[in-house]
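Let me begin by presenting the structure, written as structure tokens, before commenting on it.
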2 protein chains.
Amino acid sequence: MEKKKNISMAVIKRLPKYHRYLGELMNNDVDRISSKELSEKIGFTASQIRQDLNCFGDFGQQGYGYNVRELHGQISNILGLTKVYKTAIIGAGNIGQAIANYTRFEKLGFSLEAIFDVNPKVIGLRIRDVEIKDIDFLSDFLKENPIDIGIICVPSNNAQKVCDTLVKNGVKGIWNFAYVDLVVPEDVKVENVHLSDSLLTLSCLLTDIE
Amino acid sequence: MEKKKNISMAVIKRLPKYHRYLGELMNNDVDRISSKELSEKIGFTASQIRQDLNCFGDFGQQGYGYNVRELHGQISNILGLTKVYKTAIIGAGNIGQAIANYTRFEKLGFSLEAIFDVNPKVIGLRIRDVEIKDIDFLSDFLKENPIDIGIICVPSNNAQKVCDTLVKNGVKGIWNFAYVDLVVPEDVKVENVHLSDSLLTLSCLLTDIE
DNA sequence: TAGATTGTTAATCGATTAACAATC
DNA sequence: TAGATTGTTAATCGATTAACAATC
């Protein structure tokens, strides 16, 4: 096993979109596609598509294009969708509950193992068969049940503390919905969903200036 | 009023982060900050910070740095936070309800005017004093009540249809949580929150390849 | 074989960083 | 005035696009 060292973040950020479009093509029983055709659907240039894919291997065939099913499988592989990731949600507020209720993530191979919260009113409740546990037991739980991805949905002021607990107990992936930038060791990966940033970006695009 | 024509998306995407960090500095009663100090906090280079800010004006002062309160105000202005945006949520499922329950967006000047759904079980319910309306009345509602930003939280297969209705009734900003790429006229801006893409990016970062 | 389309190198474009004169 | 720090130009770096030989 060797790290994907030289793959730029720009490329990685495009991979999920390839995965999605190829999945749709598969569902529509399309067998093959050229970079040119895919380009028209997905909105990247054909050149960029070929460059991106060639970061990972020679998946195409001259004169033919790409086999949709095979390419989808390759990208699934690159995205790490061939294994099951164990996840835990910390914070069962609005966003935590929303994420817990999603079923799409399960289908992609992300298994929700536990939910934690501080609020006695929600502790003991169940979301899709997963009981909300007292956050005081987070550390103990992680020691017994290794988790791959911690999904942080607590208020910003508690997020770093929760993050530290996760990291201390071996969690290597953090999906962070709190509006803070978390500090983690180098081997821990953080992916932020900063909804306010997203909304402000939109607001900026809608605004003219003097 | 003149368009921010030559500002790259890379710069725009950083603005919310400036806004957030400067807001925190203000809360901590910091009066002035140099690009170097801000660089250490925010994680961009000092040079990049100065370049970014100079896209919009000369906000600093040689030998002194930037006045925190003034710079925060300028960025609020650039982000369009000086006006109130009227928003409507379409789709009162998990994510729609979560967004509706957020109060931070109200504080930033985004006012939730209405919520729509197809499900008779939720129509008539209220989230923070906003009643969930029948989606059949969306078009009529928009004609009477101009909306700046439509927040699409319906399932992917209905998203484009909802989007078309919004656009047809003058909505210029779409905050899209559905997992599709929407087609809109050039003068309509779409900001996507594709949670699956985000999770898959994280999964990719956690994965080694052969 | 002829046509199509890849993989890949080279050229271009854009974004980031470095440097420094201007100036508070 | 001396020191600090900006605004801005120039240099570098990286990402995208174009071009085309290789080859199915």
Side-chain angles (χ1 to χ4, degrees), chain A residues 4-18 21-22 25 30-75 78 201 204-205 209-210, chain B residues 4-18 21-22 25 30-75 78 201 204-205 209-210:
Chain A
K4 286 177 274 205
K5 272 223 185 68
N6 304 314
I7 311 299
S8 79
M9 207 55 191
V11 174
I12 290 177
K13 286 278 176 190
R14 281 193 292 271
L15 292 176
K17 202 164 166 182
Y18 288 119
Y21 275 80
L22 288 164
L25 287 168
V30 178
D31 287 335
R32 64 166 282 270
I33 194 156
S34 69
S35 57
K36 183 154 173 292
E37 289 171 296
L38 187 56
S39 162
E40 281 152 18
K41 288 194 183 294
I42 207 170
F44 308 148
T45 65
S47 197
Q48 179 162 70
I49 292 171
R50 295 203 298 280
Q51 287 272 25
D52 283 354
L53 298 178
N54 276 95
C55 292
F56 304 100
D58 294 3
F59 303 141
Q61 196 173 81
Q62 280 103 329
Y64 173 85
Y66 299 87
N67 178 289
V68 171
R69 185 169 298 271
E70 194 210 308
L71 187 55
H72 184 263
Q74 293 284 4
I75 290 175
I78 295 160
T201 300
C204 186
L205 294 173
I209 48 171
E210 131 230 23
Chain B
K4 288 176 271 203
K5 271 221 186 70
N6 304 314
I7 310 298
S8 77
M9 206 54 191
V11 174
I12 291 176
K13 286 278 175 189
R14 280 192 292 270
L15 292 175
K17 201 165 166 182
Y18 288 120
Y21 274 81
L22 288 163
L25 288 168
V30 178
D31 288 334
R32 64 166 281 270
I33 194 156
S34 69
S35 57
K36 183 155 173 291
E37 289 170 297
L38 186 55
S39 162
E40 280 151 20
K41 288 194 183 295
I42 208 170
F44 308 148
T45 64
S47 196
Q48 178 162 69
I49 291 171
R50 296 202 300 280
Q51 286 273 26
D52 283 353
L53 298 178
N54 275 94
C55 292
F56 303 100
D58 293 2
F59 302 141
Q61 197 172 78
Q62 280 101 329
Y64 172 85
Y66 300 86
N67 178 290
V68 172
R69 185 168 298 271
E70 194 210 309
L71 187 55
H72 184 263
Q74 293 283 4
I75 290 175
I78 295 160
T201 300
C204 187
L205 293 174
I209 47 170
E210 131 228 28

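In what follows, chains are A, B, ... by sequence order, proteins preceding strands, each numbered from 1.
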field: D/dT17 - base-pair partner by Watson-Crick or wobble geometry, distances under 3.5 Å
entry: C/dA10
Partner nucleotide of C/dA22 by Watson-Crick or wobble geometry (both distances under 3.5 Å): D/dT5
- prompt: Atom OH of A/Tyr21 and atom CD1 of A/Ile33: how far apart are they, to the nearest 0.5 Å?
  reply: 11.0 Å
Can you tell if the side chain of [X] reaches within under 4.5 Å of the side chain of [Y], non-hydrogen atoms only?
{"X": "A/Met9", "Y": "B/Leu205", "answer": "yes"}
{"X": "B/Val68", "Y": "B/Asp31", "answer": "no"}
{"X": "A/Ile7", "Y": "A/Phe56", "answer": "yes"}

query: Touch check for A/Ser34, heavy atoms < 4.0 angstrom, all strands: base, sugar-phosphate only, or nothing?
result: sugar-phosphate
message: Any base atoms under 4.0 Å from B/Phe59, or only sugar-phosphate, or nothing? Heavy atoms, all strands.
response: sugar-phosphate
Under 3.5 Å donor-acceptor pairs involving side-chain atoms of residues 43-55 of chain B, not counting sequence neighbours:
| unit_1 | atom_1 | unit_2 | atom_2 | d |
| --- | --- | --- | --- | --- |
| B/Thr45 | OG1 | B/Gln48 | N | 3.0 |
| B/Arg50 | NH1 | B/Ser35 | OG | 3.0 |
| B/Asp52 | OD1 | B/Arg14 | NH2 | 3.0 |
| B/Asp52 | OD2 | B/Arg14 | NE | 2.7 |
| B/Asp52 | OD2 | B/Arg14 | NH2 | 3.4 |
| B/Asp52 | OD2 | B/Tyr18 | OH | 2.6 |
| B/Asn54 | ND2 | B/Asp58 | OD1 | 3.2 |

- request: By nearest nucleotide on DNA chain C, pick out whichever of A/Leu53 and B/Ser47 is the more 5' one.
  value: A/Leu53
- prompt: Hey, is A/Glu37 close enough to A/Lys41 for a salt bridge, meaning N to O under 4.0 Å?
  reply: no
query: B/Gln51 or B/Lys36: which one's nearest nucleotide on DNA chain D is closer to the 5' end?
result: B/Lys36
- request: Identify, between A/Gln61 and A/Ala10, the residue whose nearest nucleotide on DNA chain D lies closer to the 5' end.
  value: A/Ala10
- line: Bounded by its outermost nucleotides with an atom under 4.0 Å from a heavy atom of chain A, the footprint on DNA chain C reads C/dA4 to C/dA10
